[in-house]
Amino acid sequence: MKNEWFFLKKDPDAPIITDGGNFNRAKYPYFINEKIFSQIEDSVAYYKGKYTPCDILFEPTFLIHDRLQSIFQFLEPELEFKGVQLYKNIDAKNFPMPLYWLPYLPAESIISPKSKIVQGKPEKLILDGLKLSYRRIFHCTLPAADIWILNLEAAECLLRRQPVGIILEKVLIE
């Protein structure tokens with residue numbers, strides 16, 4: 001039996017808290033490569049917007065909440081992490097101060113040419129089945145999309161924690 005794979009996506013109803021402070025794409029780019037990751041330190045970032053708990057943030061970059069970080073580390077031991085503590089710009093003591101983790105896993109080319117890509121984003125994602133045998137989590141990129149793919153075991157492990165702010169979309173394998 002073939003393993004099933006899932007595209008980890010932002011729930012369209014999930015909030016975005018990136019409307020100010022230094023929690024922005026200048027400091028935390030959307031695409032993280034090895035050079036950028038090595039330049040980012042464990043840090044504190046300030047936000048201006050309303051914070052609503054989300055287990056994974058997709059903007060300005062992909063961040064995993066502290067409660068899920070150990071799961072990702074267990075599922076993919078090659079993942080590296082940098083901590084990002086979020087603080088409200090004003091009167092931080094009365095607002096949540098969540099800890100997130102910036103993951104780094106080298107991007108791999110596992111997307112099949114048969115995928116339907118529109119303006120650099122996947123409309124119909126198809127994976128190359130020959131490249132999927134040795135990991136539970138993959139990271140890949142398109143010109144306008146940062147993509148995290150989980151196998152069935154990883155997806156089930158994540159869903160048992162009832163994450164907020166994400167959806168898992170099954171992808172086709174060729």
Side-chain angles (χ1 to χ4, degrees), residues 1-18 23 28-34 36-38 40 42-43 45 51-86 96-112 114-115 121-142 145-174:
M1 181 176 119
K2 284 187 174 180
N3 197 356
E4 295 180 16
W5 291 85
F6 298 86
F7 179 7
L8 178 62
K9 297 172 69 173
K10 178 184 180 283
D11 182 339
D13 297 327
I16 298 174
I17 61 169
T18 61
F23 187 55
Y28 303 98
Y30 183 67
F31 294 105
I32 300 291
N33 60 30
E34 185 176 14
I36 293 169
F37 185 78
S38 68
I40 293 175
D42 289 333
S43 59
Y51 176 78
T52 303
C54 264
D55 289 311
I56 295 180
L57 298 178
F58 292 84
E59 297 175 33
T61 194
F62 187 78
L63 294 172
I64 300 167
H65 193 277
D66 189 49
R67 81 179 195 98
L68 298 179
Q69 186 267 347
S70 61
I71 299 301
F72 276 82
Q73 184 70 68
F74 169 76
L75 293 168
E76 186 49 60
E78 290 186 31
L79 272 168
E80 296 178 57
F81 294 94
K82 303 261 177 111
V84 180
Q85 183 84 48
L86 295 181
M97 297 173 277
L99 174 60
Y100 282 89
W101 295 92
L102 175 68
Y104 174 70
L105 185 65
E108 296 196 42
S109 179
I110 61 169
I111 298 173
S112 167
K114 295 179 182 176
S115 295
K121 293 183 178 182
E123 195 166 284
K124 181 179 179 185
L125 198 55
I126 301 173
L127 305 179
D128 182 344
L130 298 174
K131 298 179 181 179
L132 298 175
S133 61
Y134 66 97
R135 281 206 167 133
R136 293 183 268 199
I137 298 175
F138 281 95
H139 177 226
C140 48
T141 59
L142 290 172
D146 189 41
I147 299 171
W148 290 82
I149 303 290
L150 287 69
N151 74 0
L152 179 61
E153 177 187 5
E156 288 175 338
C157 195
L158 185 62
L159 288 175
R160 280 193 293 274
R161 274 95 185 145
Q162 301 178 336
V164 175
I166 68 160
I167 57 174
L168 291 169
E169 179 181 287
K170 188 174 178 183
V171 293
L172 300 174
I173 310 296
E174 75 160 353

(request) I would like to know whether Lys10 and Glu59 meet salt bridge (charged side-chain N to carboxylate O under 4.0 Å, His left out); could you show each step before the answer? (result) CA-CA 9 Å; Lys10 178 184 180 283; Glu59 297 175 33; 5.1 Å; no
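Asp146 places none of its side-chain heavy atoms less than 4.5 Å from the side chain of Thr61. Taking the side chain as every heavy atom from C-beta outward, Phe81 and Gln69 approach each other to under 4.5 Å. Looking only at side-chain heavy atoms (C-beta outward), Glu108 and His139 stay at 4.5 Å or farther from each other. In this structure, the side chains of Leu125 and Ile149 come closer than 4.5 Å at one or more pairs of heavy atoms. Looking at Ile110 and Leu132, their side chains come closer than 4.5 Å, going by heavy atoms from C-beta outward. Within the 4.5 Å cutoff, the side chain of Leu168 has heavy atoms near those of the Leu8 side chain. When side chains are defined from C-beta on, Pro163 does not count as touching Ile56, because their heavy atoms never get closer than 4.5 Å. A 4.5 Å side-chain heavy-atom check between Thr141 and Ile147 finds every atom pair outside the cut-off.
Between Arg67 and Gln162, the shortest heavy-atom contact is NH2-O, 3.3 Å. Closest approach of Gly129 and Ile173 over heavy atoms only: CA-CG2, 3.4 Å. Val164 and Pro53 make their closest contact through CG1-O, 3.4 Å (heavy atoms, listed as atom of the first residue, atom of the second, distance). Across every non-hydrogen atom of Gly83 and Asp42, the tightest pair is N-OD1, 2.6 Å. Smallest separation of non-hydrogen atoms from Tyr28 and Ser43: OH-OG, 2.6 Å.
Ser38 and Tyr104 share no donor-acceptor pair across their side chains, judged by distance under 3.5 Å alone.
A cation-pi arrangement is absent between Arg136 and Phe72 under the rule of less than 6.0 angstrom and at most 45 degrees off the ring axis. Both tests pass for Lys82 against the ring of Phe37: distance under 6.0 Å to the centre and angle within 45° of the axis.
By the 30° and 60° cut-offs, the orientation of the rings of Trp148 relative to Phe62 is parallel.
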